[in-house]
There are 2 protein chains.
Amino acid sequence: MRHFVEELDYLRSRLLEMSALVEDSVYRSVLSLTERDPQQSQKVLQNEAEINHMEIEIDDLATRLLALQQPMATDLRFLTSAIKINNDLERMGDLAVNIVERALALSNEPLMKPTIDIPAMASRVQSMIRKSLDAFVKKDPELARNVLVSDDAVDALRDSIYEELIGYMERDPKTVRQGINLMFVARNLERLADHATNIAEDVLFLVEGVDVRHHAEARE
Amino acid sequence: MRHFVEELDYLRSRLLEMSALVEDSVYRSVLSLTERDPQQSQKVLQNEAEINHMEIEIDDLATRLLALQQPMATDLRFLTSAIKINNDLERMGDLAVNIVERALALSNEPLMKPTIDIPAMASRVQSMIRKSLDAFVKKDPELARNVLVSDDAVDALRDSIYEELIGYMERDPKTVRQGINLMFVARNLERLADHATNIAEDVLFLVEGVDVRHHAEARE
């Protein structure tokens, strides 16, 4: 067995590889909707299979390190945060697949106007994901706090997309099915933002030892 | 500090108290929709605050036991499963709140027919939740497998509710807003079933040491 410090470095690097795959999936899932490119969808599905394998590997490794060592405060927090971030990343891979499924359901019809706002929401969410993972790598609490603040803006964007879509559906029943698919895309983007928020909260716990979980919820 | 075995028992009993609160919340959230009883909604919100506190307490306790002890295989699996089940239960409390929010949005208008199917779906989901937690308490792999099988039936129910609601919305645009609220109720019930499935998978890992996570997903 490698030295404990080497094992921790390896765990960190695997988490970063996994997060790069997740970022790639989210980026491509939105392209699969806006560009209607089936190759993007295919790649998201491939990524998901790999993300699932990595989740199990990282979970096993973190659990083994918890068990075989008696990590002190900082390493202990790193390992429990790694288990949680791993879980968040795996779910983010699933959410990207959900978006692809909605994109495929929509691929045979012209899209209505609100897709203009969905890419705007997607780009904010992608920025939150990138910042939350940067905050983890750099142990940067300011970057993590920045993610917590962005979550409210994403929720507001989702609400305005919902309202706009409901307006379309009420005016023209032929748009109901498409409107619902687009609502679920917005919903999945919002949940991606929630997971980025979870990761930012884990970073704050890791760096400052402060548990901000339900303070953040109370803020909403 | 209490003896390790006593700490484990205490952790188990707190998890069971938390799961009882979650079951109560899910039950009341559906009543808040079907019976339009604001007291039920109120209780779900109170439960959520308590569930959030318990999540942090249980997480801290499990992490401390992992750190201060060097648990052997079975206890280690119990502690890592407890951390995951704790996380699932907390999210289930949030999902019950989501259902209550949809119920409140619908509370001023007569409900259309598909609510007949939503209680049917809800009762299956409640049964899955109960079985997954019973499987945890009794360390019963058969009960856990039973939960995994039920998940497909719940997904099928959700699909038929979606189709029925889309039909209503397409025929009568005045039902769009209500239809969407009811779709989100069905969506939240489906996610509750997913969390019960996660718990059942954790039980199988705990009892048999078999990781069934992504096999279960491949089955879908």
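Each chain gets a letter, A, B and so on, in the order the sequences are listed, and its residues count up from 1. This one's a predicted model, so the numbers in the text were calculated from it and none came from an experiment.
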Q) Looking at A:Arg91 and B:Asp88, does any basic side-chain N land under 4.0 Å from a carboxylate oxygen? A) yes
Q. Taking 4.0 angstrom as the limit, do A:Asp59 and B:Lys84 come out as a salt bridge?
A. yes
Q.
Can you tell me which portion of B:Arg187 sits under 4.5 Å from chain A's heavy atoms? Options are side chain, backbone, both or neither.
A. side chain
Q. Is the CZ atom of B:Arg124 crowded by more than 12 outside heavy atoms at less than 6.0 Å?
A. no
Q: Answer with side chain, backbone, both or neither: which region of B:Asn87 has an atom nearer than 4.5 Å to a non-hydrogen atom of chain A?
A: side chain
Q: Measure B:Thr63 against the heavy atoms of chain A and call it side chain, backbone, both or neither at under 4.5 Å.
A: both
Q) If you count heavy-atom pairs under 4.5 Å with chain B, which of A:Glu163, A:Lys174, A:Arg171 comes out on top? A) A:Glu163
Q | Engaged part of B:Leu66 at the chain A interface, taking heavy atoms whose separation is under 4.5 Å | A | both
Q. Can you tell which of B:Met169, B:Arg177, B:Met183, B:Arg77 has the highest number of heavy-atom pairs within less than 4.5 Å of chain A?
A. B:Arg177
**Q.** Positive for side-chain contact (heavy atoms from CB on, under 4.5 Å) with A:Ile180, one of B:Ile166, B:Leu165, B:Val176
**A.** B:Ile166
